[in-house]
There are 2 protein chains.
Amino acid sequence: MATIRDVAKLAAVSVATVSRVLNNNGYVNKETKEKVQQAIQLLQYEPNTMAKGLAGKKTETLALVLPDISNPFFSEVARAVEDVAQLYGYTVVLCNTDSDTDKEQTYIQVMKRRYVDGMLFASNTLRAADVLMLNKANIPLVVLDRAPANVPCLVVRSKNNEGAKLAIRHLLDTGCRRIAHIYGPQETATGKERLIGYEEAVRSFPWYSPTLMEPGQFSIQGGMAAAEKLMERHPDIDGIFAGNDLMALGALKKLQQLGIPVPGRVSLIGFDGIELTRITEPELSTIAQPIYEIGATATRLLIKKIEGVQLENETYECEVELMARGSTRGNAEAGR
Amino acid sequence: MATIRDVAKLAAVSVATVSRVLNNNGYVNKETKEKVQQAIQLLQYEPNTMAKGLAGKKTETLALVLPDISNPFFSEVARAVEDVAQLYGYTVVLCNTDSDTDKEQTYIQVMKRRYVDGMLFASNTLRAADVLMLNKANIPLVVLDRAPANVPCLVVRSKNNEGAKLAIRHLLDTGCRRIAHIYGPQETATGKERLIGYEEAVRSFPWYSPTLMEPGQFSIQGGMAAAEKLMERHPDIDGIFAGNDLMALGALKKLQQLGIPVPGRVSLIGFDGIELTRITEPELSTIAQPIYEIGATATRLLIKKIEGVQLENETYECEVELMARGSTRGNAEAGR
DNA sequence: TCTAAATATGGTATCGGTTACACATTCTGC
DNA sequence: GCAGAATGTGTAACCGATACCATATTTAGA
């Protein structure tokens with residue numbers, strides 16, 4: 001492979017000049033520039049990113065840390081992150097943590113050694129100590145959803161509480177009179193805030209009872225199990241708000257298996273707005289977060305931070321939107 | 001950040017010795033080793049991957065090139081790739097091509113500059129010229145599904161033709177007498193081979209007609225449109241084999257919208273075995289590829305190749321398996 | 001006891017870039 | 001016509017590792 005010195009020799013200039021041409025900085029005469037560019041062409045020269053990174057202290061690499069890329073929510077985020085990164089000339093490194101603190105630690109270590117320019121965490125296992133350490137190591141980071149308490153860092157998130165209330169209001173508006181909630185892990189901000197939103201929205205009703213809440217681990221399986229328990233416990237439930245779409249999908253499946261018409265007897269709404277909510281029949285109503293936008297915004301912020309732009313806000317909150325579709329009463333024909 | 005020289009100084013040895021300790025090669029006295037390790041601890045030393053890559057010609061990085069990470073098939077592959085890579089100490093860089101040759105070219109360029117140790121292509125846009133170029137540049141690669149014709153390279157794939165026949169046989173076995181096919185893009189080996197498998201399996205039947213085949217672009221939308229057209233054209237269709245699960249999912253949705261009972265009036269089977277086939281009611285019968293295994297195997301092969309192991313086979317074919325579930329007749333209770 | 005092999009360690013060139021600094025030439029404005 | 005800024009280019013130190021080679025000491029075998 002040709003090196004910068006080969007190019008310099010062929011173009012009969014110094015390596016410094018070639019470097020200037022490559023990076024388009026400093027003064028270079030127009031003809032010299034052309035000469036150099038010809039040499040580059042001729043030699044099929046490609047600058048070595050390793051050498052560049054070593055000398056220039058920039059690797060043009062971002063680390064994306066998430067629980068599991070095969071979860072559709074995260075793969076949509078990942079897609080957005082990569083798109084924006086690519087646009088700005090950055091490369092994305094993928095890290096699956098399975099929400100395991102040890103794995104996360106290992107990745108942080110490895111990414112530090114790799115001198116990634118920045119890190120994006122879509123993971124609830126991030127610890128305050130890590131944030132401080134990364135700050136000290138001068139590695140910019142952006143956190144999706146939630147940062148550890150008491151440490152300053154950039155966060156991009158959605159209005160979970162508001163979204164939960166939106167969901168409940170929609171169920172009430174479409175005639176539901178007894179609404180259950182399938183909630184996500186309470187270690188996650190997402191799971192917790194949506195649960196709180198639900199409670200705040202329903203606790204003043206006479207029918208409210210804590211037994212209307214059931215955990216579903218943010219998974220399809222969990223959603224199925226929770227729906228089954230809920231319907232057994234309270235056969236008169238006529239609305240279910242699931243804390244994310246996967247659990248809602250599971251609940252839908254279980255209800256269909258039990259022969260309970262959706263939305264005929266039970267209305268169902270999820271949260272997130274992943275694509276999969278459109279593949280079922282009926283389509284799933286949901287509180288949509290702008291998933292792609294969240295990933296894209298987070299990445300743009302991260303890159304700004306890397307490039308030294310001062311950012312005022314610490315937390316960026318994204319709006320959520322009610323998608324009323326077939327799984328909630330009165331919307332059987334919606335979304336077609 | 002501490003460097004190897006800081007460690008050397010603190011431990012009162014040379015950098016060469018520290019390097020030996022780090023890489024566990026060459027002769028090092030036991031006590032010296034401990035001294036060095038203590039210094040490493042004390043300084044919280046982390047070797048700089050850039051420097052290592054530059055000096056040692058190994059970056060411990062793999063590039064994963066695929067059309068779109070948000071497609072569940074590919075995100076499952078990606079998960080497998082990253083798991084295995086992580087296990088062997090490699091880092092995975094993500095590249096979404098959208099099956100766009102230009103984008104792919106750009107990525108190949110960028111990855112060459114980054115001196116990735118190997119590349120994994122799960123993309124049908126790879127051109128013969130690229131393979132040759134990568135060979136010349138001495139960058140190992142593994143291709144999922146299909147390599148360009150006439151170039152030697154490692155391929156990991158599934159038995160598509162056989163799988164298609166398995167699907168048809170299953171539909172016939174469960175009583176179908178007029179089977180349609182929704183096929184994928186014919187530029188892809190996957191799409192083509194499954195279509196051929198279908199044709200070979202059904203062309204001897206009196207009911208066979210080319211109008212029983214309809215393209216569906218491997219997408220949910222495409223599957224819906226195709227199912228609609230097919231049912232309009234041949235209302236007596238009682239079985240549909242879709243060339244992948246996404247199209248089958250789309251077809252299922254459309255059939256349900258049209259009020260056509262599945263599997264009551266039409267049996268439906270997909271191909272791939274993605275997780276999503278389990279979220280519908282009825283669950284989708286499918287010809288399952290071992291998706292995770294494919295990704296994992298491809299990665300293991302790639303790493304072997306990187307580490308200089310001679311590999312005999314050029315093509316590794318994976319077995320496919322019939323998953324008879326609710327969407328095909330006689331299996332309404334299956335999978336519960 | 002002598003020699004060759006095994007063990008242990010250090011010095012330093014090298015990988016392929018960036019960039020500070022030095023030096024030369026050409027513009028400008030007064 | 002000249003000072004000082006703007007333009008243009010080269011030299012070489014440096015980034016932080018690896019690894020080749022040299023050298024010194026121990027060990028083992030004959």
Side-chain angles (χ1 to χ4, degrees), chain A residues 1-37 39-40 43-61 89 109-110 112-117 137-138, chain B residues 1-37 39-40 43-61 89 91 109-117 137-138:
Chain A
M1 281 254 199
T3 74
I4 198 173
R5 277 164 240 271
D6 299 330
V7 175
K9 198 170 291 172
L10 183 60
V13 297
S14 74
V15 293
T17 301
V18 178
S19 178
R20 282 185 207 107
V21 172
L22 285 172
N23 298 290
N24 212 6
N25 59 18
Y27 295 112
V28 182
N29 184 324
K30 209 174 157 210
E31 283 126 52
T32 314
K33 191 170 177 175
E34 276 163 16
K35 229 172 29 177
V36 171
Q37 283 167 335
I40 289 176
L43 293 173
Q44 301 251 47
Y45 167 73
E46 301 278 351
N48 180 324
T49 314
M50 292 291 130
K52 194 166 175 167
L54 182 57
K57 304 280 164 218
K58 283 249 324 177
T59 58
E60 267 132 30
T61 307
Q109 206 84 341
V110 173
K112 241 180 97 185
R113 294 177 171 205
R114 285 194 176 259
Y115 283 65
V116 295
D117 291 335
N138 216 17
Chain B
M1 282 255 199
T3 74
I4 198 172
R5 274 163 246 272
D6 299 330
V7 175
K9 200 170 290 172
L10 183 59
V13 297
S14 73
V15 293
T17 301
V18 179
S19 178
R20 280 182 211 112
V21 172
L22 286 170
N23 298 291
N24 213 3
N25 60 16
Y27 294 112
V28 182
N29 184 318
K30 210 177 157 206
E31 284 124 53
T32 313
K33 191 171 179 176
E34 275 163 18
K35 231 172 28 179
V36 171
Q37 283 167 335
I40 289 176
L43 294 173
Q44 300 250 47
Y45 166 73
E46 299 277 353
N48 180 323
T49 314
M50 292 292 129
K52 193 165 174 167
L54 180 57
K57 306 280 165 220
K58 282 250 324 179
T59 58
E60 266 130 30
T61 307
T91 287
Q109 206 84 341
V110 172
M111 295 306 130
K112 240 179 97 184
R113 292 177 171 207
R114 284 193 176 260
Y115 283 66
V116 294
D117 292 334
N138 215 20

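Letters A, B, ... mirror the listed sequences (proteins, then strands); counts begin at 1. Not measured: the values here are computed from a predicted model.
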For the pair made of [atom1] in [X] and [atom2] in [N], what is the distance, rounded to whole Å?
X	N	atom1	atom2	value
A:N24	C:dT18	CG	C1'	15 Å
A:R5	D:dC14	CZ	C1'	11 Å
B:K33	C:dT7	NZ	P	14 Å
B:N25	D:dC20	CG	C1'	13 Å
B:M50	C:dG17	CE	P	14 Å
A:N48	C:dT14	CG	P	17 Å
B:Y115	D:dA17	OH	P	20 Å
A:R20	D:dT11	CZ	C1'	11 Å

- Task: Please check if atom CD in B:Q44 has more than 12 non-hydrogen atoms from other residues, nucleotides or ligands closer than 6.0 Å.
- Result: no

- When you look at NZ of A:K9, are more than 12 heavy atoms from neighbouring residues, nucleotides or ligands closer to it than 6.0 Å? no

- Spatial distance of atom OG1 (B:T17) from atom CG (B:L22) [nearest 0.5 Å]: 11.0 Å

- Message: Working to the nearest 0.5 angstrom, can you tell me the gap between B:R5 CZ and B:Y45 OH?
- Response: 9.5 Å

Does [N] have OP1 or OP2 sitting under 4.0 Å from an N or O in the side chain of [X]?
X	N	answer
A:Y45	C:dG17	yes
A:T32	D:dT9	yes
A:S19	C:dG17	no
B:K57	C:dG16	yes
A:S14	D:dT9	no
B:N23	D:dT18	yes
B:Y27	C:dT7	yes

The side chain of [X] is closest to which nucleotide in this list: [options]?
X	options	result
A:L54	C:dG10, C:dG16, D:dA17	C:dG16
B:A55	C:dG10, D:dG16, D:dC15	D:dG16
A:V28	D:dT9, C:dA20, D:dA19	D:dT9

- Task: Looking at every strand, decide which applies to A:A12 at a 4.0 Å heavy-atom threshold: base, sugar-phosphate, or nothing.
- Result: sugar-phosphate

- Query: What is the nucleic acid contact for A:E31, judged by heavy atoms within less than 4.0 Å: base, sugar-phosphate only, or nothing?
  - Reply: nothing

- Taking all atoms of both residues into account, what is the closest heavy-atom pair of A:R114 and B:M50, and its distance? O-CE, 3.6 Å

- Message: Under a 3.5 Å distance rule, please check whether B:T59 uses its side chain to pair with a backbone N or O of B:G53 as donor and acceptor.
- Response: no

- Closest-nucleotide ordering on DNA chain C, the 5'-leading residue of B:V15 and B:K30: B:K30

- With DNA chain C as reference, determine whether B:G56 or B:N29 sits nearer its 5' end, using the nearest nucleotide of each. B:N29

